[in-house]
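Naming: A, B, ... by sequence-line order, numbering from 1 per chain. Every heavy atom of this structure was used, including side-chain atoms; hydrogens, water molecules and symmetry mates were not.
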Amino acid sequence: MNYWLMKSEPSSYSWDQLVKDKKTGWNGVRNFQASANLKAMKTGDRVFFYHSNEGLAVVGIAEVSKTYYPDPTDKTERFGMVDIKPVMPFKTPLALVDIKKDPKLKDMVLVKNSRLSVQPVTPEEWKHICQLGGVKG
DNA sequence: GCCAACGTTGGC
DNA sequence: GCCAACGTTGGC
């Protein structure tokens, strides 16, 4: 099983919306690196849901429910998408400022390459972040 | 709302 | 195939 982190601006699509929808198609990625990560996802892979721009925190865990398929909103037909569903919310959202302060997490892609919207998370990082978020990953 | 960082595009 | 120009992301 692999671990990932996906970003969304709450004003365009929030964690609460995902919970309400039960699942969502993660379309709109227009970046090759992010798209390659989507392609590498397998059903059942776990995903941190991160609120960018507002919130700036990891707020919950989602799961890949459908693997990579073409994104119908992409007219160039170069990019794809996956489906995800909510698993559980964090008891305590983990803020970016706290991630940056944590020596175990300061090398995360989230910190190093803040503009990548779909990124891998190491098992060590996953475990640690779950602890800080008050959940069992 | 600003702007730095970065990815993509397109002219040469 | 290089690189300048441009657009977008996202933290502050």
request  = For A:Leu110 and C:dG10, give me the distance from atom CG to atom P, rounded to whole Å.
outcome  = 10 Å

task = Examine C:dT9: is either OP1 or OP2 under 4.0 Å from a nitrogen or oxygen in the side chain of A:Lys7? Give yes or no.
result = no

inquiry  = In whole Å, I'd like the distance from the CD atom of A:Glu54 to the C1' atom of C:dG11.
reply    = 13 Å

message = Measure NZ/A:Lys112 against P/C:dT9 and give the value in whole Å, please.
response = 24 Å

query = With a 3.5 Å cut-off and just heavy-atom distances, do the side chain of A:Arg30 and the base of C:dT8 make a donor-acceptor pair?
reply = no

inquiry  = Considering only residues two or more places apart or on different chains, which pairs with a residue in residues 26-41 of chain A satisfy side chain to side chain donor-acceptor pair (under 3.5 Å)?
reply    = A:Arg30-A:Asp71, A:Arg30-A:Thr73, A:Ser35-A:Tyr68

query = Parallel, tilted or perpendicular: which fits the ring planes of A:Phe49 and A:Trp15, with parallel below 30° and perpendicular above 60°?
reply = perpendicular

task = Consider the side chain of A:Lys100, meaning its heavy atoms from C-beta on, and name the nucleotide among B:dG7, C:dG10, C:dC12 that approaches it most closely.
result = C:dC12

message = Could you tell me how far apart A:Asp74 (CG) and B:dT8 (P) are, to the nearest whole angstrom?
response = 13 Å

query = Under 3.5 Å, is there a donor-acceptor pair between the A:Ser12 and A:Glu9 side chains?
reply = no

query = Nearest to the side chain of A:Arg78, which nucleotide is it out of B:dG7, C:dC12, B:dT9?
reply = B:dT9

query = Would you say C:dG11 has OP1 or OP2 under 4.0 Å from some side-chain N or O of A:Tyr50?
reply = yes

key: Given C:dG10, B:dT9, B:dT8, the nucleotide with the shortest approach to the side chain of A:Asn53   = C:dG10

message = Rounded to whole Å, please give me the gap between CG in A:Leu5 and P in C:dG10.
response = 11 Å

key: Integer-rounded Å distance: B:dT8 C1' and A:Asn31 CG   = 9 Å

ask   = To the side chain of A:Arg115, which of C:dT8, C:dG11, C:dG10 is closest?
value = C:dT8

task = Please report the closest heavy-atom contact between A:Met1 and A:Gly44, naming both atoms and the distance.
result = SD-O, 3.4 Å

